[in-house]
Amino acid sequence: MKKMDSHNQVTWILTFWCICSSSAKSMKYNHLELCSAGNIDYKDALSKGILFFEGQRSGKLPATQRVKWRGDSALSDGMLENVNLSGGYYDAGDNVKFGWPMSFSICLLSWAATEYSNDINSANQLPNLRTAIKWGANFLLRAHTSSTTLYTQVGEGNRDHECWERPEDMDTPRTLYNYTGNILRLWGDCALS
Ligand SMILES: *[C@@H]1O[C@H](CO)[C@@H](O)[C@H](O)[C@H]1NC(C)=O
Ligand SMILES: *[C@@H]1O[C@H](CO)[C@@H](O)[C@H](O)[C@H]1NC(C)=O
C-alpha cells in the first residue's frame with residue numbers, strides 16, 4: 001500500500017511536470033504569435049507570479065518585503081508544543097499553513113529555477129525566485145523537529161474557513177499537526193524542496 005502511494009505520487013508529479021513543461025513550450029510558441037499580435041508581457045507575468053508568494057508570507061517580514069500592505073503575523077506558531085513554526089506560507093486565501101501543498105509548491109519552484117534558470121534570469125527574477133524558495137524551505141526545515149517528526153500543518157482548517165480575517169489579526173486556533181513515522185510521500189516532497 002505504501003509502495004503504491006509513493007508510486008502514485010511520483011507518477012502524479014511526473015504527469016504534472018509534463019503538463020507544465022508542455023504548456024511552457026506552447027507558451028513559448030504562443031508568445032511569438034501573441035507578441036506580434038499584441039502586447040503580452042511575460043516578464044511582468046513572471047515577476048508577479050513570484051511576487052504573489054510575498055503576499056502569502058507568514059511570520060516576521062524582512063525590511064526587503066515588497067508587498068508592503070502585509071505585516072508580521074503568527075509569530076507564536078508552534079509555541080503550544082515548544083517548537084518554532086513561525087514563517088512559511090499561508091495556503092491560498094486561508095490562514096492555515098499546510099505542509100504538503102507548501103512543500104509541493106517549493107519543490108516546483110525549485111525545479112523551475114533549475115530547469116529555466118536562463119530564462120528566469122533574463123527577466124531578472126532569479127534572486128526573487130530564490131528568496132521565495134528559501135522562505136518556504138527554511139520553514140520546512142524548522143518543521144522537521146526530529147529525525148522522525150515532521151509538523152505538517154499549523155491552524156485548524158474548519159475554524160479558519162468559518163471566518164475571513166487578515167493573518168495579522170487572526171484569532172482562530174493555531175492547532176499543530178505532526179506526523180511521526182513512515183510518511184514517504186510527504187518526506188519525499190519536503191526532501192525534494
Ligand atoms: C523562530 O525562528 C525565526 C527564524 O529563525 C526567528 O527569526 C524567530 O525569532 C524565532 N522565534 C522564536 C519565538 O524563537
Ligand atoms: C505530535 O502530535 C501528538 C498528537 O497530537 C502530540 O502528542 C505530540 O506532542 C506532538 N509532538 C511530537 C514531537 O510528537
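All values below were derived from every heavy atom in this structure, side-chain atoms included, with hydrogens, water molecules and symmetry-related copies excluded. Atoms within each ligand, like the ligands themselves, are counted from 1 in listed order.
- In the hydrophobic clustering of this structure, Y90 does not group with F104; members are Ile, Leu, Val, Met, Phe, Trp, Tyr whose side-chain heavy atoms approach within less than 4.5 Å, directly or through other members.
- When each atom of ligand 1 is checked for a heavy atom of M79 under 4.0 Å away, the hits are 13 (C).
- When every heavy atom of R142 is checked against every heavy atom of S86, the shortest pair comes out as NH1-O, 2.7 Å.
- Across S105 and F53, no two heavy atoms sit closer than the pair CB-CE2, 4.4 Å.
- In terms of heavy atoms, T172 sits closest to R159 at CG2-O, 3.9 Å.
- Scanning the protein for heavy atoms near atom 13 (C) of ligand 2, the closest one is T149 CG2, 3.7 Å.
- Contact annotation: for Y179 versus ligand 2, there are no heavy atoms closer than 4.0 Å.
- In terms of heavy atoms, L150 sits closest to L140 at CD1-O, 4.4 Å.
- Counting only heavy atoms, the protein never gets under 4.0 Å from atom 5 (O) of ligand 2.
- Nearest non-hydrogen protein atom to atom 9 (O) of ligand 2 is E81 OE1, 3.9 Å.
- Residue Y177 places no heavy atom under 4.0 Å from ligand 2.
- Here D91 does not pair with K97 in a salt bridge; the nearest charged N to carboxylate O distance is not below 4.0 Å.
- Taking both residues in full, the closest heavy atoms of R57 and T131 are given as NH2-CG2, 3.5 Å, listed atom of the first, atom of the second, then distance.
- Which of T145, T180, N178 comes nearest to atom 8 (C) of ligand 2 through a heavy atom is settled by distance: it is N178.
- Taking a distance limit of 4.0 Å, we find that atom 2 (O) of ligand 2 is approached by some protein heavy atom.
- Proximity to S86 (heavy-atom distance under 4.0 Å) selects the following atoms of ligand 1: 1 (C).
- If you look at K60 next to ligand 1, there are no close heavy atoms at all, none under 4.0 Å.
- Ranked by closest heavy atom to atom 12 (C) of ligand 1, the top entry among N84, V83, N138 is N84.
- Across all their heavy atoms, R70 and Q56 have their closest contact at NH1-C, 4.0 Å.
- The distance from ligand 1 to the heavy atoms of R142 drops below 4.0 Å at these ligand atoms: 2 (O), 4 (C).
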